[in-house]
Amino acid sequence: MSGQIPALPESFAPGIDGVFSDRIGFYSLDSNVPGLSKVILNKLNMKDYGEYRAAIEGKTKGGAFRNYKDMFQKMEETFKFCASCNRLPEHLSEGQTLKRCVKCLNVYYCTKECQKKDWPQHKMFCKKLRLVAVDRLVEWLMFTGDLPFTTEKWSLPAAEVKGWDNWLAMQGDLTPRLDAILSSTNMGALWKNVSRPRPEDADLRESVWRVESEFLSRALSVGMAIRLFGLDPYFKPLTIHLAGASLNETMGARLTDFEELDQMFPGHKGLEVVMVGPEVVDGPIMRPPLTNFGPKTKTFISAYKGLYHQFYEDMVETEKAAKPDLVVGFHPGFHATQGLGEGWLPSLLLLRDFNIPSFFTMFNEMELNFSLQILSELEMHIKGSGPNPFSSQKPEQVQACPNKPPSYCNSHFLYFQGLLEQEELEQPDNSRTYWKV
């Protein structure tokens, strides 16, 4: 299903306007390392951003790779720039080459002087960046079908599973499941075709778990939101809308991606997850949302390409889709730029005015604080916020600024519902206290 989506730019024009987060991402890359976004497009055999977005939309074929080695080599080349002076290979003097840090095998330097100058900063993140470099390769196994691995039935009620420690305790020994992935054909192909040695098995097991945790974090965060609002999936079927669904959630998405909710709420009356966003990628999930109750004990996934307020007007108000019991947004980013903020504003006001329970996640505490400020200015009734006990365990590198603290998907959360009561609006700004759960 799809609605009206803003027109695509026709040329290579990254910028901060518009509702596509990847366009802003390209702009951010160039702001830190001029020309880096063009390098990435060249490695994808694409001439500009418009061609990239058209490929993502399925309107043209994406760039093809000759083989796995070619694919992994081109991916690695998108990280090749001097982490100190930001020079790309094309800007080096004749005879100069970029040398990779031998400890993290992640960042590059054009001279020993640049590496020495950058070391006081890099040494704070070198070990973490080594994990990042492994994880971004292992993540390929999500697209080959080797991941995610299967999980066990929950032996505890959802109310008693308060974080990863509780979840892991119910899973028992993960080693056999992890070792099956380590010995898989695709894991072997991966390390035969990348420009780095295969890590020790213990390190690979940890990497596989970190990648798995990012996948599971989405369903577990949705489940936590259901509980925070006191929604009861045993009393009636629930409809959850994922507003602002992006490439991260929908590229390669499967109809089983939220099955952990079935483990969390065994025997539930039926759960529907509708992914809504202008960046939704075509695939098996691109099917109409339910108008009647779905199958009991199962989570049904559908998708709609468009902005959330468009979806609500086109589908919910015409009774082509069920009204939401809950709206969830993973990293909405409305704090980041004016373009994203303007794209989100009608949807945020809709959520507020229709008194819809809403739960958003953020990459870090700074993003959380900016988001709280914006929602407070919109007079939202913010019910709570804090660190997410089901945050992804996989560190995320800022590609164009590697020597910065890593972020984590769904690291923090906030939840709100409706308009703030008038008495609370009249309180001084410094009188509000945010809960931490």
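- Residue Phe300 comes nearest to Pro288 through the heavy atom pair CE2-O, 4.0 Å, listed as atom of the first residue, atom of the second, then distance.
- Between Arg198 and Leu204 the shortest side-chain heavy-atom distance falls below 4.5 Å.
- Formation of a donor-acceptor pair under 3.5 Å by the His268 side chain with backbone atoms of Asp262 is not found in this model.
- In this structure, a donor-acceptor pair under 3.5 Å is absent between the side chains of Ser411 and Asn364.
- Heavy-atom minimum distance, Thr250 versus Glu279: OG1-O, 3.8 Å.
- Counting heavy atoms from C-beta on, the side chains of Ser213 and Trp164 come closer than 4.5 Å.
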Give the intermediate values and the outcome of side-chain contact (heavy atoms from CB on, under 4.5 Å) for residues Phe81 and Val39. CA-CA 10 Å; Phe81 60 88; Val39 170; over 6 Å; no
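- Distance alone, capped at 3.5 Å, places no donor-acceptor pair between the Asn369 side chain and the Met366 backbone.
- With a 6.0 Å radius and a threshold of 12 heavy atoms from other residues, nucleotides or ligands, Asp165 has its CG atom at or below the threshold.
- The structure places CZ of Phe360 at 5.5 Å from CG of Leu348, a figure rounded to the nearest 0.5 Å.
- Side chains of Glu249 and Ser246: a donor on one and an acceptor on the other come within 3.5 Å.
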Using the side-chain contact (heavy atoms from CB on, under 4.5 Å) rule, take Phe363 and Cys409 through it: C-alpha gap first, then chi angles, then the decisive distance, then the call. CA-CA 5 Å; Phe363 280 111; Cys409 288; 3.7 Å; yes
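- Looking at Lys162, its side chain does come within 3.5 Å of a backbone N or O of Ala159 through a donor-acceptor pair.
- Residues Gln73 and Glu77 have side chains that bring a donor and an acceptor to within less than 3.5 angstrom of each other.
- Remark: Arg196 fails to qualify as a cation-pi partner of Phe72 under the 6.0 Å distance and 45° angle criteria applied to the six-membered ring.
- Other residues, nucleotides and ligands place more than 12 heavy atoms under 6.0 Å from the NZ atom of Lys74.
- With rounding to the nearest 0.5 angstrom, the CG atom of Leu231 is 11.0 Å from the OG1 atom of Thr239.
- Under the 4.5 Å side-chain criterion, counting only non-hydrogen atoms from C-beta, Thr299 is not in contact with Glu259.
- Judged by distance alone, with hydrogens and angles left aside, the side-chain atoms of Arg177 form a donor-acceptor pair with the main-chain N or O of Thr150 at under 3.5 Å.
- Atom CD in Glu396 sits 8.0 Å away from atom CG in Asn248 (nearest 0.5 Å).
- Within the 4.5 Å cutoff, the side chain of Leu345 has no heavy atoms near those of the Phe334 side chain.
- The nearest pair of heavy atoms linking Gln263 to Pro266 is O-CD, 3.4 Å.
- Counting non-hydrogen atoms of neighbouring residues, nucleotides and ligands closer than 6.0 angstrom, the CE atom of Met124 exceeds 12 such neighbours.
- A distance of 13.0 Å separates NZ of Lys127 from CG of Leu129, quoted to the nearest 0.5 Å.
- Within 6.0 Å of CZ on Phe370 lie no more than 12 heavy atoms contributed by other residues, nucleotides or ligands.
- Between the side chain of Lys320 and the backbone N or O of Leu290, no donor-acceptor pair lies under 3.5 Å.
- In terms of heavy-atom proximity, His335 sits nearest to Ile374 at CA-CD1, 3.4 Å.
- With Arg352 contributing its side chain and His381 its backbone, the two residues share no donor-acceptor pair below 3.5 Å.
- Listed for the Thr78 side chain is no donor-acceptor partner under 3.5 Å among the backbone atoms of Ile40.
- Here CG of Leu36 is found 9.5 Å from CG of Asn86. Values are rounded to the nearest 0.5 Å.
- In this pair, Tyr415 and Phe229 present their aromatic rings perpendicular. The plane angle is above 60°, beyond the 30 to 60° band.
- In this structure, Glu260 CD and Ser221 OG are separated by 12.0 Å, a value rounded to the nearest 0.5 Å.
- Under the salt bridge (Lys or Arg N to Asp or Glu O under 4.0 Å) test applied with Lys394, the options Glu212, Glu214, Glu206 reduce to a single match, Glu214.
- Contact check for Val161 versus Phe390: side-chain heavy atoms found under the 4.5 Å cut-off.
- Here the closest non-hydrogen pair linking Leu261 and Ala219 is CD2-O, 3.3 Å.
- Panel note: side chain Ser376, backbone Leu372; a donor-acceptor pair is recorded below 3.5 Å.
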Begin with the C-alpha distance, continue with both residues' side-chain angles, and end with the deciding distance and a verdict on side-chain contact (heavy atoms from CB on, under 4.5 Å) for Glu367 and His412. CA-CA 9 Å; Glu367 184 179 326; His412 288 72; over 6 Å; no
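- Evaluated for a side chain to side chain contact (heavy atoms under 4.5 Å, CB included) with Asn106, the options Arg130, Gln397, His122 yield exactly one hit, Gln397.
- No side-chain donor from either of Thr361 and Asn388 sits under 3.5 Å from a side-chain acceptor of the other.
- The closest side-chain heavy-atom distance from Tyr308 to Pro324 is below 4.5 Å.
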Verify side-chain contact (heavy atoms from CB on, under 4.5 Å) between Ile181 and Val138, making sure each step is shown before the conclusion. CA-CA 10 Å; Ile181 296 168; Val138 170; over 6 Å; no
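- At most 12 heavy atoms of other shown residues, nucleotides or ligands fall within 6.0 angstrom of atom NZ in Lys103.
- Without hydrogens or angle criteria, Glu319 side chain to Glu317 main chain gives no donor-acceptor distance under 3.5 Å.
- Side-chain contact check for Val281 versus Met286: every heavy-atom pair is 4.5 Å or farther apart.
- Within a 6.0 Å radius of CZ in Phe235, no more than 12 heavy atoms belonging to other residues, nucleotides or ligands are found.
- Counting heavy atoms from C-beta on, the side chains of Trp191 and Pro199 come closer than 4.5 Å.
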Check the pair Ser184 / Asn186 against side-chain hydrogen bond (donor to acceptor under 3.5 Å, both in side chains), numbers first and verdict last. CA-CA 5 Å; Ser184 68; Asn186 286 318; 5.7 Å; no
Is there a ring-ring contact (aromatic ring centres under 6.0 Å, His included) between Phe311 and His241 once you walk through the steps? CA-CA 10 Å; Phe311 165 77; His241 292 167; 5.0 Å; yes
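- Trp140 places no side-chain N or O within 3.5 Å of a backbone atom of Leu190 that could act as its donor or acceptor partner.
- Of the options Met170, Glu160, Gln171, a side chain to side chain contact (heavy atoms under 4.5 Å, CB included) to Ser155 is made by Met170 and by none of the others.
- Contact between Tyr52 and Met46 at its shortest, heavy atoms only, is CA-SD, 3.4 Å.
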